[in-house]
Amino acid sequence: MKPLLSHDVTMFRGVTQMSGVPARIELHDDRFVLSVLDRTGQPSETVMDTPLSALQVGGSMALLTFKVGDLKRRVDFSFAARAAMVRPGGVLAVGPILKESGIYPWLAAFRARGVRVRYFSLGHIWLVSLGAVAIIVAVVAAIGVASVT
């Protein structure tokens, strides 16, 4: 059966970036499949093959985490998006990179099929960051006013 969506990603087997391996995710009518790819680009190991009703999706930026029961795997749609964040002004380049990464059609397809998705968009990240900065500034200002009086 041909998948509705298919995308080559990097899957992390562990917590470090060094644990990344080439992988492919596929969305079928009622199933999600995550496979590790061999050197020729063909699936060599099926890591997840689950009904969409059992799948939970989370993530932010170009990273998605897929969870089924106790099994959890993280995939990266675009290393360039994460790399851009460490450059000065890189945060301005992340939006277009994320659009090109292909992550947004996946999020829309998961949501349309009733999959529980918890994704922090770039806007959410900006909002939380600005809120944190505002709190820090308010606390520092309050301490400064209290120490003067």
Side-chain angles (χ1 to χ4, degrees), residues 3-28 30-37 41 45-149:
L4 301 172
L5 286 175
S6 179
H7 197 84
D8 290 351
V9 294
T10 301
M11 182 189 79
F12 299 101
R13 291 190 181 268
V15 294
T16 70
Q17 301 302 312
M18 301 304 291
S19 68
V21 296
R24 179 172 296 140
I25 55 175
E26 296 179 343
L27 180 64
H28 298 270
D30 61 347
R31 300 196 70 71
F32 172 77
V33 179
L34 170 61
S35 304
V36 173
L37 302 179
E45 172 192 351
T46 301
V47 178
M48 273 184 195
D49 185 349
T50 184
L52 292 178
S53 59
L55 182 66
Q56 295 178 29
V57 179
S60 65
M61 301 292 288
L63 296 171
L64 287 183
T65 302
F66 301 107
K67 183 178 178 187
V68 177
D70 291 337
L71 178 63
K72 188 188 289 188
R73 288 293 181 265
R74 184 171 47 117
V75 301
D76 186 357
F77 276 73
S78 172
F79 175 77
R82 288 183 297 118
M85 291 298 288
V86 299
R87 300 191 317 244
V91 73
L92 301 175
V94 171
I97 292 171
L98 287 176
K99 284 182 182 176
E100 291 177 20
S101 75
I103 197 167
Y104 294 130
W106 280 88
L107 293 169
F110 285 134
R111 288 181 177 126
R113 285 163 181 76
V115 175
R116 183 174 150 209
V117 176
R118 292 190 173 195
Y119 177 79
F120 288 98
S121 68
L122 190 56
H124 286 115
I125 294 169
W126 270 101
L127 187 60
V128 169
S129 299
L130 291 174
V133 168
I135 290 170
I136 291 170
V137 168
V139 168
V140 168
I143 291 171
V145 168
S147 65
V148 171
T149 55

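Side chains included, hydrogens not; waters and symmetry mates left out as well; all remaining heavy atoms used.
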J.: Mind checking whether Val57 and Phe66 have side chains closer than 4.5 Å, heavy atoms only?
T.: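 SC-SC contact between Val57 and Phe66 confirmed.
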J.: Could you give the distance from CG (Leu71) to CE (Met48), rounded to the nearest 0.5 Å?
T.: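 Rounded to the nearest 0.5 Å, the CG-CE separation comes to 4.0 Å.
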J.: Minimum heavy-atom separation for Ser78 to Ser101, with atom names?
T.: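 Where Ser78 meets Ser101 most closely, the heavy atoms are CB-CB, 3.6 Å.
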J.: Please report the interatomic distance OG1(Thr65) to OH(Tyr119), rounded to the nearest 0.5 Å.
T.: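 The OH atom of Tyr119 is 11.5 Å from OG1 of Thr65, to the nearest 0.5 Å.
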J.: Roughly how far apart are Phe32 CZ and Trp106 CH2, rounded to 0.5 Å?
T.: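 The CZ atom of Phe32 sits 6.0 Å away from the CH2 atom of Trp106.
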J.: Distance from Glu26 atom CD to Thr46 atom OG1, nearest 0.5 Å?
T.: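 OG1 of Thr46 is found 9.0 Å from CD of Glu26.
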J.: What are the two closest non-hydrogen atoms of Arg113 and Leu4, and how far apart are they?
T.: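 Shortest heavy-atom separation between Arg113 and Leu4 comes out as NH2-CD1, 3.1 Å.
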J.: Within this structure, what is the CZ-CG distance for the pair Arg116 and Leu52, rounded to the nearest 0.5 Å?
T.: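 Separation between the atoms: 15.0 Å.
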J.: Closest approach of Leu34 and Ala23, non-hydrogen atoms and distance?
T.: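 That closest heavy-atom pairing would be CD1-CB, 4.1 Å.
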J.: Kindly compute the distance separating CZ (Arg13) from CZ (Arg73), expressed to the nearest 0.5 Å.
T.: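 Reported to 0.5 Å precision, the distance equals 7.0 Å.
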J.: Quickly, which of Val75, Leu27, Ile25 forms a side chain to side chain contact (heavy atoms under 4.5 Å, CB included) with His7? Name it, please.
T.: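 Among the candidates, only Ile25 passes.
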J.: When you look at Leu64 and Leu107, which way does the side-chain contact (heavy atoms from CB on, under 4.5 Å) test go after all the steps?
T.: CA-CA 9 Å; Leu64 287 183; Leu107 293 169; 3.8 Å; yes
J.: When you measure from the side chain of Arg24 to the backbone N and O of Val33, does any donor-acceptor pair fall under 3.5 Å?
T.: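 No: the side chain of Arg24 does not pair with the backbone of Val33.
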J.: Testing the basics here: between Leu55 and Val115, what is the closest heavy-atom pair and its distance to 0.1 Å?
T.: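 It is O-CG1, 3.5 Å.
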J.: Taking all atoms of both residues into account, what is the closest heavy-atom pair of Pro105 and Gly102, and its distance?
T.: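 Heavy atoms only, the tightest pair is CD-O, 3.3 Å.
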